[in-house]
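In what follows, a single structure is set out as structure tokens and then discussed.
Positions are given from 1 along the sequence. Keep in mind the model is a prediction, meaning the values are calculated, not measured.
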Amino acid sequence: DSAESINTDIITLSRFILESQRYDAKNATGEFSLLLNSLQFAFKFISQTIRRAELVNLMGLAGASNATGDQQKKLDVLGDEIFINAMRASGNVKVLVSEEQEELLVFRHNPATYAVCCDPIDGSSNLDAGVSVGTIVSLFKLLPDSQGSTKDVLRCGREMVAACYAMYGASTHLMLTTGNGVNGFTLDTNLGEFILTYPDLKMPLEFPIYSVNEGNSVYWEEPIQQFFQQLKVPKSELKDKPYSSRYIGSMVADVHRTLLYGGLFAYPSDQKNPKGKLRLLYEAFPMAFLVEQAGGKAVNDRGERILDLTPENIHDKSSIWLGSKNDVEKYLKHIGK
Ligand code: P6P
């Protein structure tokens, strides 16, 4: 670049959090910026490990399988270890839910402030194909009388204090909300810093893309089959153009596209997964929080707001419909909500 075209006042994630602390009493304790530093270290380390793994061939099955029976890939195990170590080292996380861990992890820190739920490498089944995967995180503040138990995380989605995901694609992106909108950052690998690239991101009100695994359609209930059929063959051809279909099969990649372009992402329940496939605490909750904060909506098959739900167990699943406000409302209207 010629000198005058270089931006010399970049906003790093660390600076962004410190500045938001000054204007946002909730984060004034500094605890959140401490935890965020551990989170962003984990994202950088996982990102670098994934990119290196494609070279040193860490791929392939590790033999073990995770809490929900999926075949575990070596990177799943590595990503999980990296994340657990970073959260333990932060000093202010007391409990941690991970998709890769059957039981709740409890760190004997005192005092601690947060309960963290995460899917360390979501979409990992696509890893060998070079598809973007990501780390999804939801944060709760510990209950005042917390003893470090599942009570700290079996909470209503509205009690989440922050949610984010890192997507390991051509670049590494981080989308973050603390309840005051969504801000997106991109990892500058030379600086080793996440740089603010999507300030105060808002989704388009609607966009003609639907994102669902149509291979499940024979297992869907009739009204759901009818809904997607109408998106493909609109009743009034003159007015409505058919929607385009985009499905990557990696939630972070599908949600990232939906946040940036708009449209509708859904994983409905079906005869194979009567409660849905995606997990409430570390997939549906954080993505619903981010989408709502970007002006969108997130509901389940029955039209209930995802953030009004409360899990009974840490690996509970939910159906999910999320995306642009008007596109989700098309589904709600279809089911009479
Ligand atoms: P299907 C990946 O395994 C995942 O958990 C999400 O990232 C993704 O949205 C979904 O499952 C894909 O599931 O059944 O369409 O392959």
*What is the minimum heavy-atom distance between Thr310 and Cys156, and which atoms define it?*
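Closest heavy-atom pair between Thr310 and Cys156: OG1-CA, 3.3 Å.
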*State, to 0.1 Å, how close Ser250 and Asp122 come at their nearest heavy-atom pair, and which atoms those are.*
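In this case the closest contact between Ser250 and Asp122 is OG-O, 3.9 Å.
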*asked:* Tell me every residue that passes side chain to side chain contact (heavy atoms under 4.5 Å, CB included) with Phe207, counting only those two or more places apart in sequence or in another chain.
replied: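 For Phe207, the residues satisfying side chain to side chain contact (heavy atoms under 4.5 Å, CB included) (neighbours in sequence not counted) are Ile209.
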*Residues forming a side chain to side chain contact (heavy atoms under 4.5 Å, CB included) with Lys333, sequence neighbours excluded*: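 In terms of side chain to side chain contact (heavy atoms under 4.5 Å, CB included), with neighbours along the sequence ignored, Lys333 is linked to no residue.
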*Among Glu304, Glu206, Glu292, Glu329, find the one that has a salt bridge (Lys or Arg N to Asp or Glu O under 4.0 Å) with Lys297.*
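The residue from Glu304, Glu206, Glu292, Glu329 that satisfies salt bridge (Lys or Arg N to Asp or Glu O under 4.0 Å) with Lys297 turns out to be Glu329.
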*Under the 3.5 angstrom rule, does the side chain of Asp188 hit a backbone N or O of Asn190 as a donor-acceptor pair?*
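Yes, Asp188 side chain to Asn190 backbone: donor-acceptor pair under 3.5 Å.
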*Contacts of type ring pair (Phe, Tyr, Trp, His ring centres under 6.0 Å), residue Tyr219, not counting sequence neighbours*: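 If we apply the ring pair (Phe, Tyr, Trp, His ring centres under 6.0 Å) test to Tyr219, skipping adjacent residues, there are no hits.
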_Counterpart residues, ring pair (Phe, Tyr, Trp, His ring centres under 6.0 Å), relative to Phe185 (two or more places apart)_ =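 Residues passing ring pair (Phe, Tyr, Trp, His ring centres under 6.0 Å) with Phe185: Phe16.
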*Under 3.5 Å, is there a donor-acceptor pair linking the side chains of His256 and Tyr165?*
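On atom types as modelled, these side chains qualify, holding a pair under 3.5 Å.
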_Tyr243 and Lys330: side chain donor to acceptor below 3.5 Å_ =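 A pair is found: one side chain offers a donor N or O, the other an acceptor, under 3.5 Å apart.
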*Centres of the Trp321 and Phe227 rings: under 6.0 Å?*
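Yes, the ring of Trp321 comes within the 6.0 Å limit of the ring of Phe227, centre to centre.
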*Among all residues two or more places apart in sequence or in another chain, which pass the side-chain hydrogen bond (donor to acceptor under 3.5 Å, both in side chains) test with Asn183?*
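Here no residue qualifies.
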*Partners of Lys202 by salt bridge (Lys or Arg N to Asp or Glu O under 4.0 Å), sequence neighbours excluded?*
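Result, salt bridge (Lys or Arg N to Asp or Glu O under 4.0 Å) vs Lys202: Asp200.
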